[in-house]
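Have a look at the structure below, then the notes.
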Amino acid sequence: MRVMKLGNRPDTFFLSGPVRSVSTDLATDMQILVDGCLFRLHKFPLLSKCMWLQALCVESGEGGGAVELPAFPGGAEAFEACAKFCYGVAVTIGPHNVVAVRCAAARLGMSEAADRGNLAGKLDAFLSSCLLRRWKDALAVLHSTRRYAALCEELGVTSRCVDAVAALAVADPSGDASGAVPAGSSSSSPPWWVRDISELGVDLYWRVMVAVKATGTVYGKAIGDALKAYARRWLPIAAKNHHAAEQTAAGGGGGAANAERATKNHRLLVEKIVSLLPAERNAVSCGFLLKLLKAANILGASPASKEELTRRVASQLEDANVSDLLIPATPPCAGGALYDVDAVVTILEEFALRQAAASGRPEGSPGRAGRHRRSMSAESGELEGARRSTSMAAASHGAMVRVGKLVDGFLAVVATKDARTPLDKMIAVAEAVPDFARPEHDDLYRAIDTYLRAHPEMDKSSRKKLCRVLNCRKLSEKASMHAAQNELLPLRVVVQVLFFENARAAGLSSGHGNRVAARFPGDVSALLARPRTTEENGKDEQRPAGSVAADGDWSVEGRRDWSVVASRVASLKMRLEEEDGEDAGDEAFVHRTRAGLARSASSRITAAAGRSKRMLSRLWPTSRTFT
């Protein structure tokens with residue numbers, strides 16, 4: 001730490017209670033009251049260097065009366081330093097007191113206009129030539145400007161300190177010139193100056209970071225590391241203080257004003273960090289952006305800050321985790337839900353817009369346009385463009401698949417932890433992801449099953465509405481087995497699950513060339529039965545023996561046989577849509593369908609269709625939790 005000594009006379013100032021004076025042979029003729037301390041001094045040395053005191057004495061017209069200096073910057077200590085300078089007494093100036101003394105000198109008018117070589121000029125020269133050239137000293141001076149923010153801004157001290165700190169941060173990446181190199185630092189670690197500036201207040205920190213970014217020599221990753229370090233330093237404290245302030249405000253009294261002031265400061269902290277986010281996509285992680293969004297939601301940040309965070313989160317949503325998306329809902333949230341599902345829907349909509357814009361880029365075509373002969377370089381350029389387009393499309397599809405798994409995981413957690421989430425919001429989140437982004441629907445089915453169990457009172461139409469987002473074709477064998485026994489699902493969904501599972505089994509058997517039949521449950525076979533036409537009977541005669549077993553098993557040899565089954569189920573599904581009105585239940589319709597089909601089926605299927613409703617309940621016994 002560098003210091004400067006002014007004056008060479010011995011210190012003759014002494015303190016007697018609340019009175020400070022100077023020991024000389026001449027009687028004092030001027031009294032100055034500063035911060036409750038009375039200074040008894042001499043006019044001549046003070047007035048010769050302090051223009052403000054000259055004006056006060058002229059206005060007061062009192063020869064030996066006391067002059068009061070209210071709200072004096074730096075208090076009695078700073079005034080005493082100025083007074084000692086006027087007397088030529090030795091005074092020490094360093095980073096700890098240079099700002100206070102400089103502000104005091106400005107208030108007293110100790111400029112070059114009052115006397116050549118006055119205190120203000122000496123302090124400015126000391127700042128420029130010494131203190132602002134060393135990292136620790138410059139940072140200490142910048143810290144001390146907060147106490148006298150308005151006057152330091154007026155004098156330009158704050159701006160000089162900010163510029164000096166930013167210049168020192170980017171001048172030497174290793175920090176050797178400032179003597180602030182941390183032990184064990186490496187190129188992969190955050191910049192050496194990050195921890196030091198994290199102790200600054202939000203206003204000063206923001207100005208330093210703006211100056212650092214303006215130099216254009218610091219990568220976005222370094223800026224992102226600095227922002228993460230600052231958020232890690234202050235955001236947990238902000239959140240804790242915010243909740244404490246809310247509890248204090250709830251107690252009445254002056255707590256409401258304190259809570260409002262604390263919230264305002266914390267909101268400013270989040271908004272300043274958001275405004276400093278670098279433009280590079282991977283400069284900060286998606287998890288960090290979502291934490292900022294959570295803080296912005298809790299603290300009520302500006303809509304512009306939330307929109308900026310939403311846009312940046314959507315640009316790298318595929319890198320997020322489920323826990324990151326659990327954004328706490330603000331108190332006005334409808335129904336008292338725990339999580340802000342609307343914010344997630346907004347993020348997904350922005351993500352979808354970005355993906356659509358990316359997929360709409362013109363793709364290169366390597367083919368020849370008519371008979372026009374092109375050069376090899378042109379064809380090579382088109383081929384390279386096609387490769388790039390293919391690579392971009394693959395990356396976009398991979399991102400969509402990762403987001404699909406992320407959304408399904410989010411739905412499962414919300415369905416488990418927050419039973420108050422409305423049905424329409426669950427559906428909105430599920431439908432925000434296109435079907436091709438879900439190669440399989442097991443996670444989505446798990447979320448739907450969990451939500452249905454949490455809402456056993458849900459009516460039939462609501463269950464149907466929720467299950468419309470489920471694609472039964474994309475359920476795994478394990479999920480299909482669970483869904484086939486799930487009594488909470490609509491019956492038409494269960495029928496679809498059973499059909500597609502048997503279709504998958506049939507395809508596997510046909511692919512291996514085996515004659516292993518895929519067996520439908522008895523009641524589902526009854527639902528699929530219909531009278532056989534003459535044309536179909538003729539085809540059966542040409543079919544290899546054993547294609548249709550006597551016990552009702554369905555052969556899986558050849559696609560022709562299976563197409564008959566598929567068309568039959570398609571017609572059944574159409575009848576389900578036509579005949580199942582709002583007032584008729586699924587169970588009653590299935591019973592009527594089975595009875596009608598049984599009259600025109602074989603005796604075996606007639607017996608199966610004539611079974612009681614107890615047989616149907618065996619297909620869907622009490623369901624077990626799907627894990």
Write down the atom of [X], the atom of [Y], and the distance for their closest heavy-atom approach.
X: Gly220; Y: Ala283; answer: O-CB, 3.5 Å
X: Pro328; Y: Asn297; answer: O-ND2, 3.5 Å
X: Met51; Y: Ser111; answer: SD-OG, 4.3 Å
X: Pro73; Y: Ala104; answer: O-CB, 3.7 Å
X: Ala415; Y: Ala454; answer: O-CB, 4.2 Å
X: Ala428; Y: Val345; answer: CB-CG2, 4.2 Å

Do the two ring centres, one from Tyr339 and one from Phe410, sit under 6.0 Å apart?
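Here the rings of Phe410 and Tyr339 have centres that are no less than 6.0 Å from each other.
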
With no hydrogens and no angle check, is any side-chain donor or acceptor of [X] less than 3.5 Å from a backbone partner on [Y]?
X: Glu68; Y: Leu33; result: no
X: Arg40; Y: Ser21; result: no
X: Asp408; Y: Asp443; result: no
X: Asp340; Y: Ala343; result: yes
X: Glu271; Y: Ser302; result: yes
X: Thr263; Y: Glu260; result: no
X: Thr24; Y: Leu26; result: yes
X: Asn265; Y: Ala262; result: no
X: Trp234; Y: Val202; result: no
X: Asp324; Y: Leu290; result: no

How about [atom1] on [X], more than 12 heavy atoms from neighbouring residues, nucleotides or ligands closer than 6.0 Å, or not?
X: Arg311; atom1: CZ; answer: yes
X: Arg281; atom1: CZ; answer: yes
X: Lys213; atom1: NZ; answer: yes

In terms of ring plane angle, is the pair Trp192 and Trp135 parallel, tilted or perpendicular, where the classes change at 30° and 60°?
perpendicular

Let me know which of Leu123, Asp124, Val3 forms a side-chain contact (heavy atoms from CB on, under 4.5 Å) with Val98.
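Result: among Leu123, Asp124, Val3, Leu123 is the only option passing the side-chain contact (heavy atoms from CB on, under 4.5 Å) with Val98.
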
Atom [atom1] of [X] and atom [atom2] of [Y]: how far apart are they, to the nearest 0.5 Å?
X: Glu307; Y: Leu309; atom1: CD; atom2: CG; result: 10.5 Å
X: Leu142; Y: Ile197; atom1: CG; atom2: CD1; result: 10.0 Å
X: Leu127; Y: Cys161; atom1: CG; atom2: SG; result: 6.5 Å
X: Met4; Y: Cys130; atom1: CE; atom2: SG; result: 9.0 Å
X: Leu292; Y: Glu308; atom1: CG; atom2: CD; result: 11.0 Å
X: Leu15; Y: Cys37; atom1: CG; atom2: SG; result: 6.5 Å

If you measure from the Lys or Arg side-chain nitrogens to the Asp or Glu carboxylate oxygens, is any gap between Arg116 and Glu112 under 4.0 Å?
no

Should the pair Arg2-Asp137 be classified as a salt bridge under the 4.0 Å nitrogen-to-oxygen rule?
no

With a 4.5 Å limit on heavy-atom distance, are the side chains of [X] and [Y] in contact?
X: Leu289; Y: Gln316; answer: yes
X: Leu269; Y: Tyr230; answer: yes
X: Leu293; Y: Ile347; answer: yes
X: Asp196; Y: Lys136; answer: yes
X: Val157; Y: Leu151; answer: no
X: Leu168; Y: Arg133; answer: no
X: Leu276; Y: Ile223; answer: no
X: Leu277; Y: Phe288; answer: yes

Stepwise side chain to side chain contact (heavy atoms under 4.5 Å, CB included) check, Asp115 with Ser48
CA-CA 7 Å; Asp115 187 29; Ser48 63; 5.8 Å; no

Going by atom types only, do Arg207 and Ser159 share a side-chain donor-acceptor pair under 3.5 Å?
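Yes.
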
Taking atom types as modelled, find out whether Arg160 and Ser128 have a side-chain donor-acceptor pair closer than 3.5 angstrom.
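Note: Arg160 and Ser128 side chains meet the donor-acceptor criterion.
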
Does any pair with a residue in residues 7-20 pass side-chain hydrogen bond (donor to acceptor under 3.5 Å, both in side chains), and if so which ones, sequence neighbours excluded?
Asp11-Lys84, Arg20-Glu77, Arg20-Glu80

Would Phe79 and Leu108 count as a side chain to side chain contact (heavy atoms under 4.5 Å, CB included) if you check the C-alpha gap in whole Å, the side-chain angles of each, and the deciding distance to 0.1 Å?
CA-CA 9 Å; Phe79 179 81; Leu108 293 173; 4.1 Å; yes

Go through the steps to decide whether Arg354 and Glu350 satisfy the test salt bridge (charged side-chain N to carboxylate O under 4.0 Å, His left out), and finish with yes or no.
CA-CA 6 Å; Arg354 287 176 169 272; Glu350 179 68 23; 3.6 Å; yes

Begin from the C-alpha positions of Leu155 and Glu153 and carry the test side chain to side chain contact (heavy atoms under 4.5 Å, CB included) through to its verdict.
CA-CA 5 Å; Leu155 297 174; Glu153 287 291 347; over 6 Å; no

Working for side chain to side chain contact (heavy atoms under 4.5 Å, CB included), residues Val212 and Trp193:
CA-CA 11 Å; Val212 169; Trp193 43 268; 4.2 Å; yes

